[in-house]
> 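Submitted below is the structure of interest, expressed as C-alpha cells.
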Amino acid sequence: MKNIIYIILVCISAVLSTACSDQFLQDKRDYNNLITEDVFKDKTQATAVLGTIYSQILGSYNAPVCGSDPLMRQAQATGGFQYFLTEEIPSGYAGSGISIVSDGRYNGNNDKTTKAGNHIANPTYWNDPRDNATNYNNYTRKTLFPNIFLINAYITEIDRTGRQQIKDDAFWDKLKGQAIFARAWLYFDAIRLWGGVPYYNTETDQAVNGDRSARMSIPDCIEKICTDFKKAADLLPAKWESTDDGRFTSVGALAMISRVRLYAASPVFNASWDNTASKRWQAALDASLAAEQAANTAGYGTSITSIDTWDKAFYTYASGSFNPEAIIKVPKSDVTTTGVFNVWENYIRPGAARTNGTYSGIPAPEQMITLFPMKDGSRPTVANGYDDAKFYRNRDPRFYRTFAFSGCQWPINGSTLSSNPQIWLYAYKYNSTTYRYSDGTQDDNGAMKKSRAIVWKMANPAIGVGGEATGGTDIMEYRYSEILLNVAECYAAQGNTAKCTEYLGKVRTRVGIPQGTNNWGIGTLDTKYKAIEATLYERAIEFAYEGKRSWDMRRWLLYEGGAGFDPRLTAIDGNNIYDPETAWGLGWKIYDGKDGRPNYTKSDNILTKLGLTRFAGTRHNSKIWAYNLGTNYAVQGLPAHPLSANALLTAVPAITRDMTETARNAAFDKLDAFYAGVGMQTGDPSTLLGAKYGMDRGTDVKSQGFLFAWRGWYYVYPLHYDMYNPAKGNSWLTQTVGWMVANATPTGTSSAEQDGTYVYCTPE
C-alpha cells in the first residue's frame with residue numbers, strides 16, 4: 001500500500017474531533033501538508049497520528065451492549081446481527097433508539113440461505129467489497145487490511161524515522177506498544193468473524209506468492225496474535241497517568257491473550273475441546289493466570305467489594321481517573337463539541353424518566369428475568385423459593401442492578417422532572433381496538449413486545465434529562481471479572497471442578513453472595529460438564545447487556561450444539577413455519593466426524609453434554625402485568641395512566657438500586673399489596689392482548705410464527721464473493737467451510753452444495 005503516512009496525516013484533523021479521550025488525542029494543528037519527517041520529529045504530532053488508530057477502531061464504540069468488535073462497529077447504529085441473537089434483547093424490537101432489523105428469524109426464503117456473503121446485509125469483510133478493483137483499500141469503511149497497513153506503516157516509521165530524530169526510546173516504545181496492541185486486536189476480531197486471514201506484522205511482510213496471501217490456519221493466527229499482544233505488554237506500562245488514561249496497557253495486553261487463548265480452546269475452533277489434557281486449554285489457563293497476577297500486582301480488581309461498588313464501577317469513575325475494574329476501557333466525553341459519547345442511557349431510559357415519553361427502554365425477555373439466581377446463589381426454581389408472580393423477591397444482588405420493574409425509581413440527578421420518577425409497567429385497554437402500556441408509549445404498537453421488567457444496568461444518575469444521547473460515561477470493554485471467569489472456565493474444561501468452583505466463588509463474593517453451606521449457591525460440580533455449564537451461566541449473569549454473550553454462544557456453539565440445524569430440510573407450511581425439533585440435527589454442521597472432529601448428533605452434542613437446550617428454533621418470550629382488560633381507559637400516557645392516583649400504588653415506596661435489603665423487602669410488601677389489591681394479572685402478552693403483542697411476533701400470521709434459525713455455518717462468516725471471484729483476480733483465496741464457493745442460488749436439498757474448503761475447527 002502506497003503513501004500510508006500521507007493517508008494517516010490527511011485523516012488526522014477529521015479524526016481528532018471523534019477521538020476516544022479528551023486529553024491524549026487532542027491536537028488542533030492542521031497536518032495535511034506535512035511530510036513524514038515533520039510528524040516524527042515532534043512528540044505531540046507523533047502521538048496525534050496514533051490517535052487516528054484509536055479512533056478508527058474505537059471512536060464509534062458508543063454503547064456497552066455492542067461489545068468488542070472493532071471491525072463491525074459501523075453496524076451498531078442498527079443493532080448489528082450478532083449482538084442480539086441471544087437471550088438479552090427481543091428481536092425486531094425498535095425502541096429507545098434501537099432498531100434491530102436483522103434478527104435471524106427464518107423467513108422461508110431459500111435463495112439467500114447459503115449464498116456467499118448473504119448471511120447479513122452487506123457485511124464488511126477483509127476489505128469492503130467493490131466492483132472497481134481500484135477502490136479496495138478503503139480506509140473509511142473500517143475494514144481490516146487498510147487499517148492494518150496504516151498501523152504497520154506507523155510502526156515502521158517509529159523505528160526508521162522517529163527514533164532517529166528524537167532520542168527517547170521510552171516514548172517511542174509506548175507508542176509502538178499501543179500500535180501493536182491495536183493490530184493484534186483487529187486480527188483477533190477478524191478471526192472470530194471469518195476464520196483465518198493473512199497476517200502482516202509489518203508493511204514489508206510478503207507472502208510466498210507475492211501479495212497473494214493465503215488464509216492462515218487458526219492455530220497459526222492465534223500464535224501470531226498472542227505474540228503481538230506479548231510484544232505490546234513488554235512495551236507498555238501497567239497503568240497510565242490521568243492525562244493518558246484509557247490507553248492500552250500491559251495488563252490489558254495480557255488480559256487479551258487470555259481472551260484469545262480461551263476462544264482458541266473453545267469448540268468453535270478446537271475439535272479437541274472435550275479432552276481434559278487439551279494443550280489449548282492449558283495455554284488458556286496459563287495465560288489467564290498470568291493476566292490475573294499482572295492485574296493484581298498493578299492494583300486492578302480492588303474496587304469491587306460489594307454489590308454497590310459493583311454497580312458504581314460502571315459509571316462513577318470520571319474520565320481520567322483510574323478504575324480498578326476496567327482492564328480496557330473506552331473513554332467518553334460529556335463535552336458536546338467532541339461527539340464522542342456513550343449513548344447507552346438513550347437506549348435504556350424509559351419515557352417516564354425523560355422528556356420524550358415515546359421511549360420505553362429495553363424490555364427484558366423472560367429468558368433473562370428467570371435466568372438470574374436467588375439471593376443465596378441457587379438457581380431460580382420453585383424448590384429454591386422462586387415465586388414467578390413475585391419474580392423480584394429474594395434474587396441475586398445483581399438482579400436489582402440489572403433490571404427495573406414497577407415501583408422502581410429511575411435515578412436522575414438534577415432532574416427537571418417533578419421528581420426522580422417511579423416507573424410503572426403494565427398494559428391496559430385504551431379503546432375497543434387498542435392496548436397501551438403505562439411506560440408512556442401511546443400508539444397501539446407501543447404495547448407490543450413489552451415485559452414486566454426493563455434493562456437498568458449501567459444507568460448513570462449523573463446524566464440529566466435531555467442528555468441521554470450525549471453521555472460521558474466511560475465504557476468498560478474488559479473487566480477484571482472476565483479474567484476470573486476465564487480462569488474458572490479453563491479449570492472446568494480440564495476437569496478441575498474444585499478450582500473452577502473457587503473462582504466462581506470469587507466472582508460471587510465480590511457482589512455479596514455468601515459462600516454459605518452450598519458454595520455460593522453453586523453446589524457441588526461433580527463433572528467437568530457441570531463445571532463448564534456453571535461457568536457459562538455465571539458469564540451470562542455477570543456480563544448481561546455488556547456485549548459479551550453472543551461471543552460465548554458462538555464459541556461454544558450454544559445455538560445448536562454442533563449437531564446442525566436447517567429448516568430448509570423440514571416440512572414448511574404455507575406461512576413458512578418449520579418444526580424446530582425436526583430441523584435440529586439436519587444439514588451442514590461443524591462436528592461432522594471428519595478430520596478428527598467427532599460426529600455430533602441430535603442426541604449427542606455440546607448442548608446435551610452440558611445439559612442445555614438449543615437456542616435455534618426458539619423465540620424470546622415475555623410476561624406482562626395487565627390491568628382490568630375488560631374496561632377502556634382513554635388515558636394519554638405520561639404522566640397519567642389508569643392507576644396513577646391509586647392509593648395502593650402511591651403507597652409503594654420508591655425502589656432504588658442502592659436501598660438496603662430491609663427497605664427493599666418493605667417496599668416489596670407494598671408492591672405485593674398493590675398487585676393483589678387492584679386485581680393485576682400476569683401473563684404472556686400474546687395470550688392476554690393478542691398474538692401481535694408478544695415478543696418476536698409481528699402483525700401477520702407468518703411473522704407471528706417466526707422462530708430463530710441459527711444454522712451451523714453462521715458461526716464463522718464467509719468471504720464475500722467479490723473477494724475470491726476468479727474474475728476479480730483473487731482465485732487463490734478459499735471460501736469458509738459451510739458456505740458456497742459459487743455465488744449461486746442453492747436448491748436447499750443437500751448440504752453438499754456448501755462446498756467451502758477453508759476449515760477453522762481442527763483437532764490439536
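Residues: numbered from 1 along the sequence shown.
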> Return yes if some donor-acceptor pair links the side-chain N/O of R508 with the main-chain N/O of Q515 below 3.5 Å, else return no.
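Not confirmed, R508 side chain does not pair with Q515 backbone.
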> In this structure, which one of D552, L504, L525 forms a side chain to side chain contact (heavy atoms under 4.5 Å, CB included) with T535?
L504
> Ignoring hydrogens and geometry beyond distance, is a side-chain donor-acceptor pair present between T682 and Y675 at under 3.5 Å?
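T682 vs Y675: donor-acceptor pair found between side chains.
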> Less than 4.5 Å apart, any side-chain heavy atom of N346 and any of R354?
yes
> Do V455 and W344 have side chains that get closer than 4.5 Å, going by heavy atoms?
yes
> So, S306 and D308: side-chain donor and acceptor under 3.5 Å apart, yes or no?
no
> Side chains of W625 and S406: does their closest heavy-atom pair fall under 4.5 Å?
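Side-chain contact under 4.5 Å: yes.
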> Among side-chain atoms of Y480 and N296, is any donor-acceptor pair under 3.5 angstrom?
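Indeed, the side chains of Y480 and N296 share at least one donor-acceptor pair under 3.5 Å.
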> Kindly say whether M458 contributes a backbone atom to a donor-acceptor pair with the side chain of Y545 at under 3.5 angstrom?
no
> State, yes or no, whether a side-chain contact exists between R657 and Y400 at a heavy-atom distance under 4.5 Å.
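No. Closest side-chain heavy atoms not under 4.5 Å.
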> Between the main-chain N or O of E477 and the side-chain N or O of K548, is there a donor-acceptor pair closer than 3.5 Å?
yes
> Say whether D526 and T524, considering side chains only, have a donor N or O and an acceptor N or O under 3.5 Å apart.
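Their side chains do not contain a donor-acceptor pair, so the 3.5 Å distance test is not met.
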> Can W424 and F674 be said to form a ring pair (Phe, Tyr, Trp, His ring centres under 6.0 Å), step by step?
CA-CA 12 Å; W424 298 95; F674 162 68; 5.4 Å; yes
> Between K390 and F668, is any pair of side-chain heavy atoms under 4.5 Å apart?
no
> Start with the C-alpha gap between R479 and N323, add the side-chain angles, then the distance that decides, and say whether side-chain hydrogen bond (donor to acceptor under 3.5 Å, both in side chains) holds.
CA-CA 10 Å; R479 297 202 285 116; N323 181 347; over 6 Å; no
> Mind running ring pair (Phe, Tyr, Trp, His ring centres under 6.0 Å) on Y633 and H641 for me, showing each step along the way?
CA-CA 8 Å; Y633 297 94; H641 53 83; over 10 Å; no
> I'd like to know whether E538 forms a side-chain hydrogen bond (donor to acceptor under 3.5 Å, both in side chains) with W520, so could you lay out the CA-CA distance, the side-chain angles of the two residues, the decisive distance to 0.1 Å, and finally the verdict.
CA-CA 12 Å; E538 196 67 25; W520 302 274; over 6 Å; no
> Under 4.5 Å between any side-chain heavy atoms of L536 and E489, yes or no?
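They are in side-chain contact.
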> Of all residues at least two apart in sequence or in a different chain, which pass the side chain to side chain donor-acceptor pair (under 3.5 Å) check with T316?
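T316 satisfies side chain to side chain donor-acceptor pair (under 3.5 Å) with no other residue.
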> Please check if the side chain of R549 supplies one atom and the backbone of E88 the other of a donor-acceptor pair under 3.5 Å.
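Not a single qualifying donor-acceptor pair exists.
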> Which residues satisfy the side chain to side chain donor-acceptor pair (under 3.5 Å) test with K670, sequence neighbours excluded?
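With neighbours one apart ignored, the set is empty.
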> Are R401 and W310 in a cation-pi contact, defined as NZ or CZ under 6.0 Å from the six-membered ring centre and within 45° of the axis?
no
> Compute whether any side-chain donor of one residue and acceptor of the other, for N519 and T501, lie under 3.5 angstrom apart.
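N519 vs T501: no donor-acceptor pair found between side chains.
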> What I want to check is whether the side chains of E345 and Y315 have a donor and an acceptor closer together than 3.5 Å.
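Y315 and E345 do not have a side-chain donor-acceptor pair below 3.5 Å.
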> Any side-chain heavy-atom pair from I412 and P421 closer than 4.5 angstrom?
yes
> List for me each residue that meets salt bridge (charged side-chain N to carboxylate O under 4.0 Å, His left out) alongside E533, sequence neighbours excluded, and say none if there are none.
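Expected list: R379.
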